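Working notes, structure below.
Heads up: numbering here begins at 1 and tracks the sequence. Everything numeric in this text was worked out from a predicted model, so none of it was measured.
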Amino acid sequence: MEVIVYTLPACHACVFTTKWLDRRGIAYRLEPFAGSERAHQIAAENGFTAAPIVAAGGMVWSGFRPDLIDQIEAAPRDDWAEIFDSNPE
């Protein structure tokens, strides 16, 4: 699952979000909110007014949401099928 964190400069909630992701070993991509058409689209469609905006699979949210980050952590990993389908012969 791709996780994208759209951030703003000097954003404490952005720092908290990335630290929470780091401590759980969840990979993510940082993108600046400024200049990102996709981030502005997500914000407009959902009425978000706080940073960061996080897009994870089919979920999107704004602000520091450890409860939702923990749902990402609990979600099944996409690559498990590849691990178990491989033939070690």
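With contacts defined as side-chain heavy-atom distances shorter than 4.5 Å, the pair Tyr28/Val54 does not qualify.
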Met1 and Ile26: side chain to side chain contact (heavy atoms under 4.5 Å, CB included), yes or no, with the steps?
-> CA-CA 10 Å; Met1 168 187 321; Ile26 299 171; over 6 Å; no
Working for side chain to side chain contact (heavy atoms under 4.5 Å, CB included), residues Phe64 and His12 | CA-CA 9 Å; Phe64 175 52; His12 295 292; over 6 Å; no
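Screening Ser62, Ser36, Cys14 for a side chain to side chain contact (heavy atoms under 4.5 Å, CB included) involving Tyr6 leaves a single residue, Ser36.
Pairs passing the side-chain hydrogen bond (donor to acceptor under 3.5 Å, both in side chains) check and including a residue from residues 44-56, sequence neighbours excluded, read Gln41-Glu45.
Under a hydrophobic clustering in which Ile, Leu, Val, Met, Phe, Trp and Tyr are joined whenever their side-chain heavy atoms come within less than 4.5 Å, directly or via other members, Val15 and Ile4 fall into different clusters. Ile72 and Leu30 fall within a single hydrophobic cluster, where Ile, Leu, Val, Met, Phe, Trp and Tyr are joined by side-chain heavy atoms under 4.5 Å apart, directly or via other members. Cluster membership check: Phe16 does not share its hydrophobic cluster with Leu8, using side-chain heavy-atom separations under 4.5 Å among Ile, Leu, Val, Met, Phe, Trp and Tyr.
Across every non-hydrogen atom of Pro52 and Val5, the tightest pair is CB-CG1, 3.8 Å. In plain terms, the two heavy atoms of Ala13 and Ala51 that are nearest each other are CB-O, 3.5 Å. Counting all heavy atoms, side chain and backbone alike, Ile53 lies closest to Ala43 at CD1-CB, 3.6 Å.
In terms of the ring pair (Phe, Tyr, Trp, His ring centres under 6.0 Å) criterion, residue partners of Phe33 (sequence neighbours excluded) are, by chain and number, His40.
The cationic group of Arg24 lies under 6.0 Å from the six-membered ring centre of Trp20 and within 45° of the ring axis, placing it in a cation-pi geometry.
More than 12 heavy atoms of other residues, nucleotides or ligands lie within 6.0 Å of CZ in Phe48, so this atom counts as buried by the packing criterion.
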